[in-house]
Amino acid sequence: MQTAITYLQRCLQIPSVNPMDGEEVVARYVYDVLVDHQISTEWIEVSPKRICLVAIVPASEEFSRPAVLGLSGHLDTVPVQGDGWTKDPYGGEIEDGRIYGRGASDMKSGVMAMVQALIQYKERQNRPNTVKLLITSDEENGMTGARHLTEQGYADDLDALLITEPTSGMIGYAQKGVVGIEVTCRGKSAHSSAPQLGRNAIDDMYRVIQEVKSERFSITTNHHSALGPVVASITSISGGEGPNVVPSQASFYMDIRTIPGFGRADVLAAFTDIERRLVAEDPDFDMSVTVIKDIPSCETDEQAPFLQQVADTMEQVSGVTPRKIAIPGGTDGAMFSQAKKAFPIAIASFHDFRLAHQVDESIPLSEYEQTIAFCFNLINTPLHQSLPSL
């Protein structure tokens with residue numbers, strides 16, 4: 001356990017703030033740990049400083065048709081905000097059984113727990129599953145790492161996937177998606193003393209916002225039994241060239257949290273309806289919609305055998321029966337759910353999600369030890385026993 005703590009401590013001491021630092025340095029550290037233990041590991045550069053790792057430990061030869069179990073987590077973190085920290089955010093300090101640092105909860109602890117479990121699994125003679133560790137980049141911003149791995153086929157052979165985001169001992173089986181759009185209205189500039197010579201794009205944008213706030217814009221009536229309704233928020237507005245110029249362009253950004261059965265195409269259709277109505281009222285009205293962010297929602301059947309295996313394994317470690325929950329936030333599972341082959345996805349660890357992104361982010365080392373044991377016990381159980389027959 002002391003070696004595993006040292007691995008986590010060193011990982012926390014390497015800044016990997018998204019979007020500033022990238023994952024290159026911390027990925028190199030994790031890569032070296034895996035290779036030092038003779039684990040086959042691929043270094044994948046998605047973009048400058050954005051690095052993914054894919055490590056594989058095969059099943060033993062006596063298992064002729066082993067299942068492929070995926071483990072996944074990300075190495076990037078959110079920035080250190082505010083001046084309220086009492087610990088060095090990159091110190092990896094340990095005090096009273098807790099380890100401190102940005103990423104301690106979300107989610108360097110989850111990554112290093114999987115790394116330690118994989119190292120222990122590699123040392124076993126009888127390995128019932130092939131285990132593939134997918135370490136991703138840029139999860140906190142655009143999930144471009146998981147998207148890249150999915151597009152390149154790294155998840156196509158998985159039979160199941162565990163993502164060790166902090167869930168406080170619960171199991172996430174469904175999550176909302178995100179469609180982020182920029183709506184732009186175009187007018188014509190003119191001197192503000194003669195507005196009749198131009199067309200005010202801010203006025204046109206206001207007309208769109210009125211439509212969005214009206215009962216005609218009904219996307220939020222779509223509801224999921226576990227995740228709740230679609231949620232839509234205007235989060236920024238921009239426009240105008242100067243204080244004495246009729247604005248020729250104005251935009252707003254809308255963040256829309258989607259649910260299974262309602263996604264990007266439905267959002268765009270709703271704005272197409274708005275455009276159609278406003279053009280009918282004024283043929284010179286000009287607007288466009290650009291998709292800035294597109295993260296799909298995803299859902300695993302709550303009764304899936306793999307989720308039950310995860311639950312049983314967690315209970316063996318903690319003595320507590322875990323609850324299965326729908327999570328409002330997003331994880332890389334959204335991207336991996338787009339692989340060519342469908343497979344169950346579980347989001348689970350013992351790390352406290354309430355401390356993610358917080359000042360003095362930390363976890364008890366006991367939670368880290370439990371998550372290592374959970375990961376090791378899960379990958380050391382024949383997965384095919386928990387999967388439905390084809």
Side-chain angles (χ1 to χ4, degrees), residues 40-47 50-59 63-74 114 118 128-139 142-165 171-179 224 227 258-268 291 293-307 309-310 326-327 330-348 378-379 382-390:
S40 175
T41 306
E42 186 174 354
W43 176 275
I44 301 163
E45 183 174 355
V46 178
S47 60
R50 295 292 177 210
I51 307 301
C52 292
L53 304 177
V54 177
I56 298 176
V57 173
F63 295 91
S64 58
R65 297 181 61 187
V68 180
L69 172 57
L71 305 175
S72 187
H74 63 89
M114 292 185 293
L118 197 62
N129 304 302
T130 291
V131 180
K132 179 183 282 190
L133 174 61
L134 305 159
I135 297 178
T136 65
S137 59
D138 189 35
E139 190 272 351
M143 301 186 185
T144 56
R147 185 191 298 273
H148 179 83
L149 293 182
T150 302
E151 290 175 347
Q152 296 301 310
Y154 285 95
D156 287 349
D157 62 343
L158 299 185
D159 292 301
L161 176 65
L162 169 70
I163 300 177
T164 54
E165 289 274 11
I171 302 170
Y173 67 91
Q175 64 186 55
K176 284 187 173 180
V178 183
V179 175
H224 183 274
L227 290 166
T258 59
I259 58 177
F262 186 95
R264 170 182 175 145
D266 304 286
V267 170
L268 293 178
V291 177
K293 181 180 287 188
D294 182 16
I295 299 172
S297 60
C298 67
E299 179 179 22
T300 292
D301 183 350
E302 189 178 359
Q303 304 304 316
F306 176 63
L307 293 186
Q309 181 170 347
V310 170
I327 55 179
T331 75
D332 280 333
M335 295 305 176
F336 289 126
S337 72
Q338 306 302 298
K340 291 180 180 178
K341 184 178 93 173
F343 48 81
I345 299 173
I347 318 296
L378 183 69
I379 64 180
L383 184 63
H384 66 267
Q385 293 182 359
S386 74
L387 298 173
S389 57
L390 300 178

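Note that these values count all heavy atoms, side chains included, but never hydrogens, waters or copies made by symmetry.
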Roughly how far apart are L307 CG and L162 CG, rounded to 0.5 Å?
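Between L307 CG and L162 CG, I get 10.5 Å after rounding to 0.5 Å.
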How would you list, by chain and number, every residue that makes a side-chain hydrogen bond (donor to acceptor under 3.5 Å, both in side chains) with K341, sequence neighbours excluded?
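Once residues adjacent in sequence are excluded, the partners of K341 under the side-chain hydrogen bond (donor to acceptor under 3.5 Å, both in side chains) criterion are D159.
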Would you name the heavy atoms of P296 and A334 that are closest together and state the gap between them?
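Heavy atoms of P296 and A334 come nearest at O-CB, 3.1 Å.
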Could you measure the distance from the OG1 atom of T300 to the CD1 atom of I347? Nearest 0.5 Å is fine.
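Answer rounded to 0.5 Å: 8.0 Å.
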G330 and E139: which non-hydrogen atoms are nearest, and at how many Å?
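Heavy atoms only, the tightest pair is O-OE2, 3.5 Å.
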Return yes if a side-chain donor-acceptor contact under 3.5 Å exists between S72 and D332, otherwise no.
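No.
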Could you measure the distance from the CE atom of M143 to the CG atom of D138? Nearest 0.5 Å is fine.
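M143 atom CE to D138 atom CG measures 9.5 Å (nearest 0.5 Å).
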Side chain to side chain contact (heavy atoms under 4.5 Å, CB included) assessment of E165 paired with I327:
CA-CA 11 Å; E165 289 274 11; I327 55 179; over 6 Å; no
Minimum-distance pair of heavy atoms, taken over all atoms of P66 and T130
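Scanning both residues, the minimum pair turns out to be CG-OG1, 3.9 Å.
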Results of side-chain hydrogen bond (donor to acceptor under 3.5 Å, both in side chains) for Q338 - residues two or more places apart only
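Q338 satisfies side-chain hydrogen bond (donor to acceptor under 3.5 Å, both in side chains) with no other residue.
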Say you draw a straight line from CG of L53 to CD of E42; how long is it, rounded to the nearest 0.5 Å?
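Nearest 0.5 Å value for the CG-CD distance: 9.5 Å.
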Do T164 and L71 come close enough that some side-chain heavy atom pair is under 4.5 Å?
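T164 does not reach L71 side chain to side chain.
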Compare every heavy atom of Q175 with every heavy atom of G333, then report the nearest pair and how far apart it is.
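Closest approach of G333 to Q175, heavy atoms only: C-NE2, 4.4 Å.
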Heavy-atom check, side chain of H148 versus side chain of R50, under 4.5 Å
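H148 vs R50: side chains apart.
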Please test L268 against V291 for side chain to side chain contact (heavy atoms under 4.5 Å, CB included), starting from the C-alpha separation and ending with a verdict.
CA-CA 9 Å; L268 293 178; V291 177; 3.9 Å; yes
Side chain to side chain contact (heavy atoms under 4.5 Å, CB included) between F336 and L149, worked out:
CA-CA 8 Å; F336 289 126; L149 293 182; 4.1 Å; yes
For the student: nearest non-hydrogen atoms of S137 and V46, plus distance
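For S137 versus V46, the nearest heavy atoms are OG-CG2, 4.1 Å.
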When rounded to the nearest 0.5 angstrom, what distance separates CD1 in I44 from CD in Q152?
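So the CD1 of I44 and the CD of Q152 are separated by 8.5 Å.
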Spatial distance of atom OG1 (T331) from atom CG (L161) [nearest 0.5 Å]
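Answer rounded to 0.5 Å: 8.5 Å.
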Using the test side-chain hydrogen bond (donor to acceptor under 3.5 Å, both in side chains), find all partners of R147 that sit at least two apart in sequence or belong to another chain.
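Per chain and number, R147 pairs via side-chain hydrogen bond (donor to acceptor under 3.5 Å, both in side chains) with no residue.
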Side-chain touch I345/S337, heavy atoms, less than 4.5 angstrom
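Yes, close enough: below the 4.5 Å cut-off.
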Start with the C-alpha distance between F306 and L69, add both sets of side-chain angles, then the distance that settles side chain to side chain contact (heavy atoms under 4.5 Å, CB included), and finish with yes or no.
CA-CA 10 Å; F306 176 63; L69 172 57; 4.0 Å; yes
Minimum heavy-atom separation for S297 and P260, please, with both atom names.
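Heavy atoms of S297 and P260 come nearest at OG-N, 3.1 Å.
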Single hit among I379, L133, L134 for side-chain contact (heavy atoms from CB on, under 4.5 Å) with M114
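The residue from I379, L133, L134 that satisfies side-chain contact (heavy atoms from CB on, under 4.5 Å) with M114 turns out to be L133.
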